[in-house]
Amino acid sequence: MCSSDLGNPTIVVRNMPGAGGAVGINWLGEIAPPDGLNVGFFTSLASYAAVAAPSIRVDVAKFGFVAGGPGVSVAYARVDIPPGLKTTADLMKASDFWIGGLGPDSDKDLRLRLQLDMLGLKYRYLTNYPGSNEARLALEKKEIELYPESLPTYRTAIEPMVAEGKVIPLWHDALPRGGDFVRSPDADGIPAPTYPEFLKQQKGAYPTGPLWNAYTLINTVGTTFLRSVVLPPGSPKEAEAALRDAFDKITNDPEFKAETLKILKFSPRYLVDADTEKLYRDKLTKDPVVAAFIDRKSTRLNSSH
C-alpha cells in the first residue's frame, strides 16, 4: 500500500503468507479498496489462474495489470541418486527417486512433474513443504532428491552445493518465443541445458499431445509471469499507468541493476508493454482439455510413476 503521492511514496509492506499466496490474492480481489493505494506483488499468480486452482476464489483476469516479472527455475538433484549423476543424461538411468514440491497445484510442482513424465522417468512425489527453504533442507537430509529452485536462490544457495559436489544442475526453464523457446539471459553461466534442449536431445523432437500442451501452458505463465504486479479490480487507470512507468524505469536503472547483481547475483526485470498484458489475459482463458488434464495431474499426491 502506498500514499497517493506516487512521486515520493510511503510503502507499507503487508506479507500475507498462506496457501502458496492464495490468501493475499483473495484479499486483493475481495477486500482491498480499489483506490489505487493497494498493489499486489505475487509469485505464480498467472499460473494459479491458468490451472483454475481451487484455493483462488477471485477472477484474477479482472485485476489491473501493471507488470510481469519473468524468471526461470533450475532443477537440481543430489549426485548420489543411483547409479550416480555426473551429467544430466545420467538421470535417464535413474528410477524411483523422490522429488519435492510446495503443493499439487503449484506451477513449480506441475512443471517438474510434466518434465519428468515427458522424459519417461519413474519417480516418487512428496509435496506440501511450507516453502523452498524447507524443501532444500529435506533434500540435504535425503528426504527428497530432486527439486526446482528459483534462479536468485539457485545462485546464492545452490551453486555453493554444486561447487562442493553435493548436487548437480540438471536443466533450467526456457522462455517461450514465437512458438519455440530461447535461453533466458539470466541463466548465463549455468552448466546445464534448458529443459526443451534436453528433451529434444533425448527424444529427437518435441512431443505432441496433452502432456506437451499442458507443459507449454504452465511454462509460459510460470516463466513470463513468475511474478505479477496487479491492482484490485476497478482501480484507477491513472494509478495503473503511474506504476507501470515506475516499474519500467527501475528495470532500466543502471544503479538498481548493479546493486541487485551485487547482492542477489540476479537483476529482476519487469515487462509492462501491451503485448505482455495481452499474453497475461490470453493465458487466463483456459483451454478446457489442458485444464482438465492439469486438474487430474495436480491431485495425484505422493505417487510413483
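Along the sequence shown, residues carry numbers from 1. Because the structure is predicted, anything quoted here is derived from the model rather than measured. What you see below is based on every heavy atom in this structure, not just the backbone, and it leaves out hydrogens, waters and symmetry mates.
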Rounded to the nearest 0.5 Å, what separates atom OG1 in T194 from atom CG in D173?
9.0 Å
Smallest heavy-atom separation, P148 atom then L112 atom, equals CD-CD2, 3.6 Å
When the ring planes of F41 and Y270 are compared, do they come out parallel, tilted or perpendicular, using 30° and 60° as the limits?
perpendicular
Any chance you could measure K203, atom NZ, to F198, atom CZ, to the nearest 0.5 Å?
9.5 Å
Distance (rounded to the nearest 0.5 Å) between D96 CG and L121 CG
10.5 Å
Between L199 and L119, is there a side-chain heavy-atom distance shorter than 4.5 Å?
yes
Decide yes or no on side-chain contact (heavy atoms from CB on, under 4.5 Å) for K108 and S73, but give the supporting numbers first.
CA-CA 8 Å; K108 252 188 177 183; S73 294; 3.9 Å; yes
Answer whether the closest heavy-atom distance between the side chains of L146 and L91 falls below 4.5 Å.
yes
Do you reckon L151 sits in the same ILVMFWY cluster as L261, going by side-chain contacts under 4.5 Å, direct or chained?
no
If you take all heavy atoms of L231 and A239, which pair is closest and at what distance?
CD1-C, 4.3 Å
Is any side-chain heavy atom of K142 closer than 4.5 Å to a side-chain heavy atom of W98?
no
So how far is it from L243 CG to E238 CD, rounded to the nearest 0.5 Å?
12.0 Å
Would you mind checking if R78 and E140 are paired as a salt bridge, meaning a charged N to carboxylate O distance below 4.0 Å?
no
Tell me the closest heavy-atom pair linking F256 and S267, and the distance in Å.
CE2-OG, 4.3 Å
Approximate separation, where rounding is to 0.5 Å, of D253 CG and D248 CG
11.0 Å
Close side-chain approach of F65 to T276, heavy-atom, < 4.5 Å
yes
Taking the six-membered ring for Trp, are Y215 and F181 parallel (under 30°), tilted (30 to 60°) or perpendicular (over 60°)?
tilted
Heavy-atom pair of closest approach, residues A67 and V272:
CB-CG1, 3.7 Å
Heavy-atom side-chain proximity of R269 to D186 below 4.5 angstrom
yes
Shared ILVMFWY cluster between L271 and V60, side chains joined below 4.5 angstrom?
no
Might you work through the side-chain contact (heavy atoms from CB on, under 4.5 Å) test for Y280 and V230, ending with a clear yes or no?
CA-CA 11 Å; Y280 171 85; V230 292; 3.9 Å; yes
Could you walk me through whether Y195 and M118 satisfy the side-chain contact (heavy atoms from CB on, under 4.5 Å) test, starting with their C-alpha distance in whole Å, then the side-chain angles of each, then the deciding distance to 0.1 Å, before giving a yes or no?
CA-CA 11 Å; Y195 175 75; M118 284 189 290; 3.5 Å; yes
Minimal heavy-atom distance between V229 and V39, with the atoms involved, is CG1-CG2, 3.6 Å
Under 4.0 Å between a side-chain nitrogen and a carboxylate oxygen: does that hold for K278 and D275?
no
Anything under 3.5 Å between a donor and an acceptor, one on a side chain of residues 157-169, the other on a protein residue two or more places apart or in another chain? List them.
unit_1, atom_1, unit_2, atom_2, d
E159, OE2, R155, NH1, 3.1
E164, OE1, K166, NZ, 3.1

So does E197 pair up with K200, basic N to acidic O under 4.0 Å?
no
Would you mind reporting whether E149 and V74 have side-chain heavy atoms less than 4.5 Å apart?
no
Is the closest basic N to carboxylate O distance between K249 and D245 below 4.0 Å?
yes
Show me, pair by pair, the donor-acceptor contacts under 3.5 angstrom made by side chains of residues 218-227, not counting sequence neighbours?
unit_1, atom_1, unit_2, atom_2, d
N219, ND2, A174, O, 3.0
T220, OG1, T216, O, 2.8
T223, OG1, N219, O, 2.7
T224, OG1, T220, O, 3.1

Does the side chain of M92 come within less than 4.5 Å of Q201's, by heavy atoms?
no
Can you tell me how far apart NZ (K257) and OG1 (T251) are? Round to the nearest 0.5 Å.
8.5 Å
Determine, step by step, whether R113 and Y123 satisfy the side-chain contact (heavy atoms from CB on, under 4.5 Å) criterion, reporting the C-alpha distance in whole Å, the side-chain angles of both residues, the deciding distance to 0.1 Å, and the verdict.
CA-CA 9 Å; R113 294 170 71 194; Y123 60 90; 3.4 Å; yes
Between D90 and T87 (side chain of the first, backbone of the second, donor and acceptor by atom type, cut-off under 3.5 Å), is there such a pair?
yes
When hydrophobic residues are tied together by side-chain contacts of less than 4.5 Å, even through go-betweens, does L102 share a cluster with L137?
no
Shortest non-hydrogen pair, D35 vs P236, comes out as C-CD, 3.8 Å
Any side-chain heavy-atom pair from P268 and I250 closer than 4.5 angstrom?
no
